[in-house]
J.: 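Just dropping this structure here.
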Amino acid sequence: MKDEGEKQVPLYKRIYALVRQVPPGKVVAYGQIARIVGGCSARMVGYAMSALRDNTTTEDLPWYRVINRQGKISLTGEGYAIQRKLLEEEGVRFDEQNHIDWDTFGWLGDE
DNA sequence: CGGCTGACTCTGG
DNA sequence: TCCAGAGCCAGCC
């Protein structure tokens, strides 16, 4: 049986599939996703996100729910404002340091 | 076909 | 507190 069908799927695809499972009003860190997917590091997730750029819509892939371990947005310039706005639209609140509380908005809780 | 780049995270000094 | 190194996939010219 070797039912490891997920292995024949590109690593990025697994990451995207996991991001789609993130519920609204919640956020997840790159490393967190990498940990769930298994076999990949946080960098892989970051690379996967950069590969999306503006070709993917938020309705197809809520990429904006993915932020860094500091609870902040890793994007810079315009992308930062866009992601932050999208998160605020879902109810996610940012601190004065522009970071969110994993205890409140963290998916799965981050212990 | 080859090389470059890109949204991360942890550890040590 | 800041800096450097290691881990490692996919798209583009």
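Chain letters run A, B, ... following the sequence lines, proteins first and then strands; every chain starts at 1. Everything numeric in this text was worked out from a predicted model, so none of it was measured.
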J.: Polar pairs (N or O, both sides) under 3.5 Å between protein and nucleotides 9-12 of chain B?
T.:
residue, atom, partner, partner atom, Å
dT9(B), OP1, R69(A), N, 2.4
dT9(B), OP2, R69(A), N, 2.7

J.: Treating a pair as Watson-Crick (purine N1 to pyrimidine N3 plus N6-O4 or O6-N4) or G-U wobble (N1-O2 and O6-N3) with both distances under 3.5 Å, list the stems of 3 or more consecutive pairs that involve DNA chain C.
T.: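 Paired runs of 3+ in DNA chain C: B:2-6 with C:9-13, B:8-13 with C:2-7.
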J.: Can I get a per-line list of side-chain donor-acceptor pairs under 3.5 Å for residues 16-26 of chain A, giving both atom names and the distance, sequence neighbours left out?
T.:
residue, atom, partner, partner atom, Å
Y16(A), OH, A48(A), O, 2.7
R20(A), NE, D60(A), O, 2.9
Q21(A), NE2, A17(A), O, 3.0
K26(A), NZ, T104(A), O, 3.3

J.: Would you mind reporting whether F94(A) and H99(A) have side-chain heavy atoms less than 4.5 Å apart?
T.: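 SC-SC contact between H99(A) and F94(A) ruled out.
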J.: Any donor-acceptor pair under 3.5 Å between the side chain of Y12(A) and the base of dC9(C)?
T.: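 Such a pair exists between side chain and base.
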J.: Give a yes or no answer on whether the side chain of Q83(A) reaches the backbone of V66(A) with a donor-acceptor pair at less than 3.5 Å.
T.: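 Between the backbone of V66(A) and the side chain of Q83(A) there is a qualifying donor-acceptor contact (under 3.5 Å).
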J.: State which residues pass salt bridge (charged side-chain N to carboxylate O under 4.0 Å, His left out) with E89(A); sequence neighbours excluded, sorted by chain then number.
T.: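 E89(A): no salt bridge (charged side-chain N to carboxylate O under 4.0 Å, His left out) contacts found.
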J.: Is the shortest heavy-atom distance from the side chain of R84(A) to the side chain of Y64(A) under 4.5 Å?
T.: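 Counting from C-beta outward, R84(A) and Y64(A) never come under 4.5 Å.
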J.: Pick from V28(A), V92(A), L75(A), I100(A): which one makes a side chain to side chain contact (heavy atoms under 4.5 Å, CB included) with I67(A)?
T.: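 Testing I67(A) for a side chain to side chain contact (heavy atoms under 4.5 Å, CB included) against V28(A), V92(A), L75(A), I100(A) leaves exactly one candidate, I100(A).
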J.: Does R69(A) make a cation-pi contact with Y30(A), if we ask for NZ or CZ under 6.0 Å from the ring centre and within 45° of the axis?
T.: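 R69(A) over Y30(A) ring: no.
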J.: Could you check how far CE of M44(A) sits from C1' of dA10(C), rounded to whole Å?
T.: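 Distance check: M44(A) CE to dA10(C) C1' gives 9 Å.
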J.: Given side chains that start at C-beta, do those of Y80(A) and N98(A) come closer than 4.5 Å, heavy atoms only?
T.: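 When only atoms from C-beta onward are counted, N98(A) and Y80(A) do touch, with a gap below 4.5 Å.
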J.: Does any non-hydrogen side-chain atom of L86(A) lie less than 4.5 Å from one of T58(A)?
T.: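 Contact flag for T58(A)/L86(A) side chains = yes.
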J.: Quick one: on DNA chain C, does A51(A) or G39(A) contact a more 5' nucleotide (nearest heavy atom)?
T.: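 Result of the comparison: G39(A).
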J.: Among all residues two or more places apart in sequence or in another chain, which pass the side chain to side chain contact (heavy atoms under 4.5 Å, CB included) test with D103(A)?
T.: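 Partners of D103(A) under the side chain to side chain contact (heavy atoms under 4.5 Å, CB included) test: none.
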J.: Tell me, do V27(A) and W107(A) make a side-chain contact under 4.5 Å, heavy atoms counted?
T.: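 Side chain of V27(A) against side chain of W107(A), heavy atoms only: no contact under 4.5 Å found.
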J.: Rounded to whole angstroms, how far apart are OH on Y80(A) and C1' on dG6(B)?
T.: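 Distance check: Y80(A) OH to dG6(B) C1' gives 20 Å.
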J.: How would you label the contact of L75(A) with the nucleic acid (heavy atoms, under 4.0 Å): base, sugar-phosphate, or nothing?
T.: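 Counting heavy atoms under 4.0 Å across all strands, the contact made by L75(A) includes a base.
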J.: Using whole Å, report how far CD1 of I15(A) lies from P of dC8(C).
T.: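 Answer to the nearest Å: 13 Å.
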J.: Atom CG of L18(A) and atom P of dC9(C): how far apart are they, to the nearest Å?
T.: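 Distance check: L18(A) CG to dC9(C) P gives 18 Å.
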J.: Give the residues of residues 82-98 of chain A touching DNA chain B, defined as any heavy atom closer than 4.0 Å, sorted by residue number.
T.: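 None, since no heavy atom is under 4.0 Å.
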